Amino acid sequence: MVVAAILLGGMSTVAAAAEGPSAGDFILRARIIDVIPDEGGTITPIGGKANAENRIVPELDLTYFVTDQVAFEIIAALTNHDVVAEGTSLGDVPLGDAWVLPPTLTIQWHPRVSGTVHPYVGAGVNYTHIFSADPAGGAVTALSFGDSFGPAVQAGLDIDMDGPWVINLDVKKVWLNTKVRVNNGAILGNVDLDP
């Protein structure tokens, strides 16, 4: 499994009790995430595989506690990735770059534990919109990506600080498959990015 998000710091809208947040509480976090694609798939007719670069970007998430142990989390982030077709019959071919908007909704289980460390696990769905593709130029004159819908899982923990502040560590895995069209379909790819 590949790390999709690592949170370096966070902010809670509620003062955490010794057992953690309760039903009706919200947590708003500001994160720094490292998006690490785990590429796979096929490119026809030239072969090879797509490689999308890693990106470190800011991210916001909002968590709402339905009960003391069950919460929903929605994340919002925006990344720009350069994509290269590697190991093709033409060698390594820079394809261009595109913006990725991957809203992800998870339902989380927060076991009630005493102390300052509050772990959780979650699972849910991701919808990724890929837009503003910019072809690399040269032999690549047109580039487009299809959107993706797939599952997501996560595990993490909140560490209470003074007042309403928490530090949060979070790992997510998203299954993301996109159709890539280069030069209006002269080259086609079925690419798993799976960050």
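Nothing here was measured: the structure is a model prediction, and the numbers come from that model.
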(request) Side-chain contact test, heavy atoms from C-beta onward, threshold under 4.5 Å: evaluate it for Met161 versus Ile167 and give yes or no. (result) yes
(request) Give a yes or no on whether a salt bridge exists between Lys172 and Glu73, defined as a side-chain N under 4.0 angstrom from a carboxylate O. (result) yes
(message) For the residue pair Ser148 / Asn177, report whether a side-chain donor-acceptor contact shorter than 3.5 Å exists.
(response) no
(request) For a side chain to side chain contact (heavy atoms under 4.5 Å, CB included) with Phe145, tell me which candidate from Thr128, Val191, Val100, Val83 qualifies. (result) Val83
(request) For the residue pair Thr88 and Lys49, establish whether any side-chain heavy-atom pair is separated by less than 4.5 Å. (result) no
(message) Using only atom types and a distance under 3.5 Å, with no angle test, would you say the side chain of Asn183 pairs donor to acceptor with the backbone of Ala139?
(response) yes
(message) So, applying side chain to side chain contact (heavy atoms under 4.5 Å, CB included) with Ile43, which one of Leu95, Asn190, Ile187 is it?
(response) Ile187
(request) State plainly whether the residues Asp34 and Arg55 are in salt-bridge range, i.e. N to O under 4.0 Å. (result) no
(message) So Tyr127 and Leu101, do their side chains get closer than 4.5 Å, heavy atoms only?
(response) no
(request) Kindly work out whether a path of hydrophobic side-chain contacts (I/L/V/M/F/W/Y, heavy atoms less than 4.5 Å apart) joins Ile74 to Val70. (result) yes
(request) Evaluate the side-chain proximity of Thr63 to Gln108: yes if any heavy-atom separation is below 4.5 Å, no if none is. (result) yes
(request) Could you check Leu193, Asn126, Val125, Asp194 and say which one makes a side chain to side chain contact (heavy atoms under 4.5 Å, CB included) with Val174? (result) Asn126
(request) Could you pull out the closest heavy-atom pair between Pro111 and Pro119, with the gap in Å? (result) CD-O, 3.3 Å
(message) The test is side chain to side chain donor-acceptor pair (under 3.5 Å); show your working for Asp97 and His81 and say whether it passes.
(response) CA-CA 5 Å; Asp97 67 275; His81 296 272; over 6 Å; no
(message) If I take atom OG1 from residue Thr141 and atom CG from residue Asn184, how far apart are they, to the nearest 0.5 angstrom?
(response) 6.5 Å
(message) If the condition is ring pair (Phe, Tyr, Trp, His ring centres under 6.0 Å), which residues does Phe149 pass it with, not counting sequence neighbours?
(response) none
(request) Could you state whether Leu62 and Val66 fall into the same hydrophobic cluster, counting links through intermediate Ile, Leu, Val, Met, Phe, Trp or Tyr residues with side-chain heavy atoms under 4.5 angstrom apart? (result) yes
(message) If you compare all heavy atoms of Gly146 against all heavy atoms of Thr178, which two are closest, and at what distance to 0.1 Å?
(response) O-OG1, 2.6 Å
(message) Please give me the minimum heavy-atom distance between Glu59 and Ala77, naming the atom from each residue.
(response) CG-CB, 3.7 Å
(message) Please find the pair of heavy atoms, one from Pro45 and one from Ala186, that lie closest to each other, and give the distance.
(response) CD-O, 3.5 Å
(message) Do Phe65 and His110 have side chains that approach each other closer than 4.5 Å (heavy atoms only, starting at C-beta)?
(response) yes
(request) Would you please indicate if the ring centroids of Tyr64 and Phe72 are separated by under 6.0 Å? (result) no
(message) Using modelled atom types and a 3.5 Å cut-off, is there a donor and acceptor pairing between side-chain atoms of Thr104 and backbone atoms of Pro102?
(response) yes
(message) Run the side-chain contact (heavy atoms from CB on, under 4.5 Å) test on Ser22 and Arg112 for me, step by step, so that the C-alpha distance in whole Å, both residues' side-chain angles and the decisive distance to 0.1 Å come before the verdict.
(response) CA-CA 10 Å; Ser22 301; Arg112 299 298 280 181; 3.9 Å; yes
(message) With side chain to side chain donor-acceptor pair (under 3.5 Å) as the criterion, how do His129 and Asp147 come out once you've worked through the C-alpha distance, each side chain's angles and the decisive distance to 0.1 Å?
(response) CA-CA 5 Å; His129 176 59; Asp147 291 350; 2.9 Å; yes
(request) Might you point out which heavy atoms bring Arg29 and Asp158 nearest each other, and give the distance in Å? (result) NH2-OD2, 2.8 Å
(message) Has Glu86 got a side-chain atom pairing as donor or acceptor with Asn51's backbone, closer than 3.5 angstrom?
(response) no
(message) Could you measure the distance from the NZ atom of Lys179 to the CD1 atom of Ile130? Nearest 0.5 Å is fine.
(response) 12.5 Å
(request) Indicate if Leu90 and Val182 have the same hydrophobic cluster label, given that clusters are the connected sets of ILVMFWY residues with side-chain heavy-atom separations under 4.5 angstrom. (result) yes
(message) Do Ile75 and Pro103 make a side-chain contact, defined as non-hydrogen atoms from C-beta onward lying under 4.5 Å apart?
(response) no
(request) Using the rule that two of Ile, Leu, Val, Met, Phe, Trp, Tyr join whenever any of their side-chain heavy atoms come within less than 4.5 Å, decide whether Val84 and Leu176 are in one cluster. (result) no
(request) Find out whether Leu188 and Arg181 are in side-chain contact, i.e. whether some heavy atom of one side chain is under 4.5 Å from a heavy atom of the other. (result) yes
(message) Just so I know, are the side chains of Val180 and Ser144 near enough to count as touching, which here means a heavy-atom distance under 4.5 Å?
(response) no
(message) Taking Leu143 as the starting point, is it possible to reach Trp99 by hopping between hydrophobic residues whose side chains are less than 4.5 Å apart?
(response) no
